[in-house]
Amino acid sequence: MASPRTITIVALSVALGLFFVFMGTIKLTPRLSRDAYNEMKRAYKSYVRALPMLKKMGVSSILLRKSIGALEVACGIVMTLVPGRPKDVANFLLLLLVLAVLFFHQLVGDPLKRYAHALVFGILLTCRLLIARQPEELLPEKRMLSVNGDEQPLIHEAAPEKGKVKVS
């Protein structure tokens, strides 16, 4: 049976992955929701206006929106379907992206209700990454050390703690 840690990581990975695939798709195409797509277009125009440095670098609102949307879709697919280390990389990239989006919202002075979802999903991404990076606890039967073909308990478990008497 899977450990609670594994179940938590898988559940967070799938939920976050699907969310970012959905949000990235909204940024890329009006097929899911024309209103949300138009709102994204308007928001990204205000982000580029607030950061003239982007304009000087040749980054238009369309390029910024489509780049972020494509990155969200790609990382969301990895979070949902790809096992192992790539999930952690996608998680980290999405976390950086969420931080950038929070910065954009603050820059243009959006009210909290406009970016609360980004805060929540940023926290969820952080939690998933922290849980995934924790070392897995070994079960008691796996805490044996093999020495010359003989299995012995690990040293810290075999010796009683200082100041305590082992009673049989």
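Along the sequence shown, residues carry numbers from 1. Since the structure is predicted, the reported quantities are computational estimates derived from the model, not experimental observations.
A donor-acceptor contact shorter than 3.5 Å links the side chain of Thr126 to the backbone of Gly122. Thr6 contributes no side-chain N or O that, together with a main-chain N or O of Ala2, makes up a donor-acceptor pair within less than 3.5 Å. Distance alone, capped at 3.5 Å, is enough to place a donor-acceptor pair between the Arg5 side chain and the Ala132 backbone.
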Could you tabulate the donor-acceptor pairs under 3.5 Å formed by side-chain atoms of residues 90-98, not counting sequence neighbours?
{"from": "Asn91", "atom 1": "OD1", "to": "Arg128", "atom 2": "NH1", "distance (Å)": "3.2"}
{"from": "Asn91", "atom 1": "OD1", "to": "Leu129", "atom 2": "N", "distance (Å)": "3.4"}
{"from": "Asn91", "atom 1": "ND2", "to": "Leu125", "atom 2": "O", "distance (Å)": "3.1"}

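When all heavy atoms are compared, the tightest approach of Val48 to Val59 is CG1-O, 3.9 Å. Nearest heavy-atom pair across Leu63 and Ser67 is O-OG, 2.7 Å. The shortest heavy-atom contact between Leu102 and Ala118 is CD2-CB, 3.7 Å.
Residues Val21 and Leu71 do not share a hydrophobic cluster, defined by chaining ILVMFWY side chains whose heavy atoms lie under 4.5 Å apart. Connection of Val120 to Ile26 is established within a shared hydrophobic cluster, with ILVMFWY side chains joined at heavy-atom distances below 4.5 Å, either directly or through further cluster members. A single hydrophobic cluster is not seen to contain both Val89 and Val73; linkage of ILVMFWY side chains at heavy-atom distances under 4.5 Å, directly or through other members, places them apart. Hydrophobic clustering of Ile, Leu, Val, Met, Phe, Trp and Tyr side chains at less than 4.5 Å, counting indirect connections, unites Leu119 with Phe20. Residue Ile77 is not grouped with residue Ile68 when hydrophobic side chains (ILVMFWY) are merged at heavy-atom distances under 4.5 angstrom, including chains of intermediate members.
With rounding to the nearest 0.5 Å, the separation of NZ in Lys41 from CD1 in Ile62 is 7.5 Å.
Exactly one of Lys27, Lys45, Arg114 qualifies for a salt bridge (Lys or Arg N to Asp or Glu O under 4.0 Å) with Glu39. That residue is Arg114. For the pairing with Met79, the side chain to side chain contact (heavy atoms under 4.5 Å, CB included) check across Leu18, Leu12, Asp88, Leu16 returns one residue only, Leu16.
By the 30° and 60° cut-offs, the orientation of the rings of Phe121 relative to Phe19 is parallel. In this pair, Phe104 and Tyr47 present their aromatic rings parallel. The plane angle is below 30°, not in the 30 to 60° band.
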- request: Output, in order, the C-alpha distance, side-chain angles, deciding distance and verdict of side-chain contact (heavy atoms from CB on, under 4.5 Å) for Tyr115 and Val101.
  value: CA-CA 8 Å; Tyr115 61 90; Val101 168; 6.0 Å; no
- request: Apply side-chain contact (heavy atoms from CB on, under 4.5 Å) to the pair Leu51 and Leu54, showing each step before the final yes or no.
  value: CA-CA 6 Å; Leu51 273 175; Leu54 289 176; 4.0 Å; yes
